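Count residues from 1 along the sequence. Everything numeric here is computed off the predicted structure, so don't read it as measured data. Below, each value reflects all heavy atoms present in this structure, side chains not excepted, and no hydrogens, waters or symmetry copies.
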Amino acid sequence: MNIGLFCDFKILNFSILTNIYLIYFILNNYTQRVINYLNLESIEEENWVKNYSSKFNNEKWLSYYVNNSQQGGGTEILIRLPKPSTEDLLNIVINSQCENEVETGCLILLNNEEISKTEFRSRLIQELEKNGDQKRQKTIIDITNLTSTINRREIIGKSLNQINEDENYFKNISERAIKIETANNRGSR
């Protein structure tokens with residue numbers, strides 16, 4: 001997956017950096033271009049995190065890896081601080097015109113769910129049910145694995161009833177995602 005916010009930009013310059021949306025994702029050849037406009041402030045080698053500041057203003061930037069449990073170390077992203085909230089990420093995933101931004105927003109949501117236990121699935125499925133863009137729905141459902149019934153919540157210290165409630169939560173979201181996929185499949189025939 002080629003992740004990057006700079007969808008159609010051929011030339012990357014400082015004016016683009018200051019006018020792009022809330023969130024800045026980059027990989028591969030874009031990384032070095034953007035980093036040329038930044039000063040490296042610190043490195044947290046243990047967490048594969050780099051902190052930057054802009055050479056031109058007071059903006060702070062953060063480079064880190066999401067899905068770092070994957071082979072190859074995950075996906076590197078670069079964002080302008082402060083980090084976007086879950087609400088900001090959901091807005092980007094649902095409304096951005098940039099496919100790469102949608103994909104990367106999904107990856108950050110997944111990463112936040114895994115690391116910080118930040119919930120997003122219920123709100124995301126609600127938004128997908130209102131959104132008629134079949135391609136976007138498919139992309140988001142595939143990347144976030146909304147069709148999975150796996151319980152992602154901690155079970156230690158919970159009663160059987162609480163565990164069953166969590167199981168039903170994920171099962172309900174999965175069923176709703178499958179319903180969207182089924183409708184999309186019927187509509188594309």
Rounded distance (nearest 0.5 Å) linking atom [atom1] of [X] with atom [atom2] of [Y]:
X: Lys171; Y: Ile178; atom1: NZ; atom2: CD1; result: 10.5 Å
X: Asn168; Y: Asn172; atom1: CG; atom2: CG; result: 8.5 Å
X: Arg121; Y: Thr144; atom1: CZ; atom2: OG1; result: 6.0 Å
X: Leu124; Y: Thr86; atom1: CG; atom2: OG1; result: 11.0 Å
X: Asn145; Y: Ile150; atom1: CG; atom2: CD1; result: 7.0 Å
X: Leu81; Y: Asn58; atom1: CG; atom2: CG; result: 13.0 Å

So [Y] and [X], do their side chains get closer than 4.5 Å, heavy atoms only?
X: Leu110; Y: Val66; answer: no
X: Lys55; Y: Leu38; answer: no
X: Gln137; Y: Gln134; answer: yes
X: Ile43; Y: Leu40; answer: yes
X: Ile173; Y: Thr149; answer: no
X: Ile77; Y: Leu107; answer: no
X: Glu103; Y: Thr139; answer: yes
X: Phe170; Y: Ser148; answer: no

Taking side-chain hydrogen bond (donor to acceptor under 3.5 Å, both in side chains) as the definition, give me every residue that meets it alongside [X], ordered by chain and number, with sequence neighbours left out.
X: Asn164; result: none
X: Glu114; result: none
X: Ser42; result: Asn51
X: Ser53; result: Glu41

Could I get the full list of salt bridge (charged side-chain N to carboxylate O under 4.0 Å, His left out) partners for [X], not counting sequence neighbours?
X: Glu45; answer: none
X: Lys179; answer: none
X: Lys60; answer: none
X: Glu127; answer: Arg123, Lys130

Take Lys138 and Glu181 through the test side-chain contact (heavy atoms from CB on, under 4.5 Å) and record every step on the way to the result.
CA-CA 7 Å; Lys138 178 175 178 16; Glu181 285 186 331; 5.6 Å; no

Phe120 and Ile125: CA distance, side-chain angles, deciding distance, side-chain contact (heavy atoms from CB on, under 4.5 Å) verdict
CA-CA 9 Å; Phe120 70 91; Ile125 197 70; over 6 Å; no

Once you measure the plane-to-plane angle for Tyr65 and Trp48, does it fall in the parallel (<30°), tilted (30-60°) or perpendicular (>60°) bin?
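If you compare the ring of Tyr65 with that of Trp48, the planes turn out perpendicular.
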
Asn47 meets the side-chain contact (heavy atoms from CB on, under 4.5 Å) criterion, sequence neighbours left out, with Glu44, Val49

Please give me the minimum heavy-atom distance between [X] and [Y], naming the atom from each residue.
X: Ser96; Y: Val102; value: O-CG2, 3.9 Å
X: Cys106; Y: Val93; value: N-CG2, 3.7 Å
X: Leu89; Y: Pro84; value: CD2-CG, 3.8 Å
X: Gln126; Y: Arg176; value: CG-NH2, 3.6 Å

Other hydrophobic cluster members with Ile115, side-chain heavy atoms of Ile/Leu/Val/Met/Phe/Trp/Tyr under 4.5 Å, chained?
none

My understanding is that a hydrophobic cluster links ILVMFWY residues whose side chain heavy atoms are under 4.5 Å apart, including indirect links. Using that, what else belongs to the cluster containing Ile163?
Ile155

Which residue pairs pass the salt bridge (Lys or Arg N to Asp or Glu O under 4.0 Å) test with at least one member in residues 152-162, sequence neighbours excluded?
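Every pair satisfying salt bridge (Lys or Arg N to Asp or Glu O under 4.0 Å) with a residue in residues 152-162: Glu113-Arg152, Glu119-Arg153, Arg153-Asp166, Lys158-Asp166.
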
Test side-chain contact (heavy atoms from CB on, under 4.5 Å) applied to Tyr37 and Glu59, step by step:
CA-CA 11 Å; Tyr37 293 101; Glu59 291 178 345; over 6 Å; no

Test log, rule side-chain contact (heavy atoms from CB on, under 4.5 Å), inputs Asn131 and Ile140:
CA-CA 11 Å; Asn131 184 305; Ile140 294 169; over 6 Å; no

Yes or no on side chain to side chain donor-acceptor pair (under 3.5 Å) for Thr182 and Asn185, after CA distance, side-chain angles and deciding distance?
CA-CA 5 Å; Thr182 303; Asn185 289 339; 5.6 Å; no

Any donor-acceptor pair under 3.5 Å from Tyr169 side chain to Ser122 backbone
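It does hold such a pair.
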
Under 3.5 Å: donor-acceptor pair, side chain of Ser174, backbone of Thr147
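Checking the backbone N and O of Thr147 against the side chain of Ser174, a donor-acceptor pair under 3.5 Å is found.
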
